[in-house]
Amino acid sequence: MKTWQNIKNWLCGGCVYFTAIALILILVNLMIDGSAGIAAARFLLIFPCGLCMSFGGMLWKVRALPRWIRILLLYIIDVLAVFLLLYLPTSASAQAATQLLMFVLFSVVYWIVFGLIMLISSRIRKLMEED
């Protein structure tokens with residue numbers, strides 16, 4: 001029974017990430033090109049990317065692993081999912097230096113967003129404990 005619950009949570013999380021990534025890509029494409037379309041190759045790879053990110057989120061909740069391993073696994077899974085499933089298939093002609101710079105950019109953006117989320121969640125947790 002627990003296995004089916006985990007599969008359900010994984011798929012539901014994948015659907016949430018799929019929706020969020022698709023909306024972000026549509027908005028970015030709308031701002032850049034003026035059209036709200038997403039390339040078919042990118043659109044088909046959004047769901048596997050969302051499933052990978054959902055799996056990383058499930059690993060984040062496993063308390064049996066040390067915190068630094070959970071952070072590292074979440075980083076590796078999330079950044080590699082975005083880089084390998086969303087960026088590389090649509091920019092196959094890009095140079096290796098450009099791909100390396102984009103990987104570094106994804107990493108920097110990831111750590112900034114991760115730091116902000118951790119800061120906000122710890123502040124909320126402290127406020128809830130005071131009440």
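Contact check for Leu101 versus Leu105: no side-chain heavy atoms found under the 4.5 Å cut-off. A 4.5 Å side-chain heavy-atom check between Leu74 and Met53 finds every atom pair outside the cut-off. In this structure the side chain of Leu73 reaches within 4.5 angstrom of the side chain of Leu65, judged on heavy atoms.
Criterion: ILVMFWY side-chain heavy atoms under 4.5 Å apart, direct or through other members. Under it, Leu30 and Val28 are not part of a common hydrophobic cluster. Leu27 and Tyr17 sit in two unconnected hydrophobic clusters of ILVMFWY residues. Membership requires side-chain heavy atoms under 4.5 Å apart, directly or through other members. A continuous path of hydrophobic side-chain contacts links Ile21 to Met58 [ILVMFWY only; heavy atoms under 4.5 Å]. A continuous path of Ile, Leu, Val, Met, Phe, Trp and Tyr side chains, each step under 4.5 Å between heavy atoms, connects Val62 with Leu72, placing both in one hydrophobic cluster. Leu59 and Trp111 fall within a single hydrophobic cluster, where Ile, Leu, Val, Met, Phe, Trp and Tyr are joined by side-chain heavy atoms under 4.5 Å apart, directly or via other members.
For the ring pair (Phe, Tyr, Trp, His ring centres under 6.0 Å) test, residues two or more places apart in sequence or in another chain that qualify with Phe103 are Phe83. Annotation: side-chain hydrogen bond (donor to acceptor under 3.5 Å, both in side chains) contacts of Tyr75 (sequence neighbours excluded): Ser107. Every side-chain contact (heavy atoms from CB on, under 4.5 Å) that Cys52 has, sequence neighbours left out, goes to Ile77, Ala81, Leu85. Every residue two or more places apart in sequence or in another chain that forms a side-chain contact (heavy atoms from CB on, under 4.5 Å) with Leu84 is listed here: Leu80, Leu88. Contacts of Phe18 classified as side-chain contact (heavy atoms from CB on, under 4.5 Å), with partners at least two apart in sequence or in another chain: Phe43, Ile46, Phe47. Scanning for side-chain contact (heavy atoms from CB on, under 4.5 Å) contacts around Val113 gives Val109, Ile117, with sequence neighbours left out.
Residue pairs meeting the side-chain hydrogen bond (donor to acceptor under 3.5 Å, both in side chains) criterion with at least one partner in residues 62-71, sequence neighbours excluded, do not occur; the list is empty. Residue pairs that meet the side-chain hydrogen bond (donor to acceptor under 3.5 Å, both in side chains) test with at least one member in residues 113-127, sequence neighbours left out, do not exist here.
Residue Ile112 belongs to a hydrophobic cluster whose other members are Val104, Val108, Leu116, with links defined by side-chain heavy atoms closer than 4.5 Å. Clustering of Ile, Leu, Val, Met, Phe, Trp and Tyr by side-chain heavy atoms under 4.5 Å joins Leu44 with none of the others. Under a 4.5 Å side-chain heavy-atom criterion applied to ILVMFWY residues, the cluster that includes Ile120 comprises Ile124, Met128 as well.
The distance from the CD1 atom of Ile76 to the CD1 atom of Ile69 is 10.5 Å, given to the nearest 0.5 Å. Once rounded to the nearest 0.5 Å, the distance linking CD1 of Ile24 with CG of Asn29 reads 13.5 Å.
In this structure, Phe114 and Tyr110 have parallel ring planes: the angle between them is below the 30° cut-off, well short of the 60° mark.
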message: For Phe106 and Asp78: C-alpha separation, side-chain torsions, deciding distance, then whether side chain to side chain contact (heavy atoms under 4.5 Å, CB included) applies.
response: CA-CA 10 Å; Phe106 289 148; Asp78 287 352; over 6 Å; no
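Side-chain atoms of Trp10 come within 3.5 Å of backbone atoms of Leu51 as a donor-acceptor pair (strictly under, hydrogens ignored).
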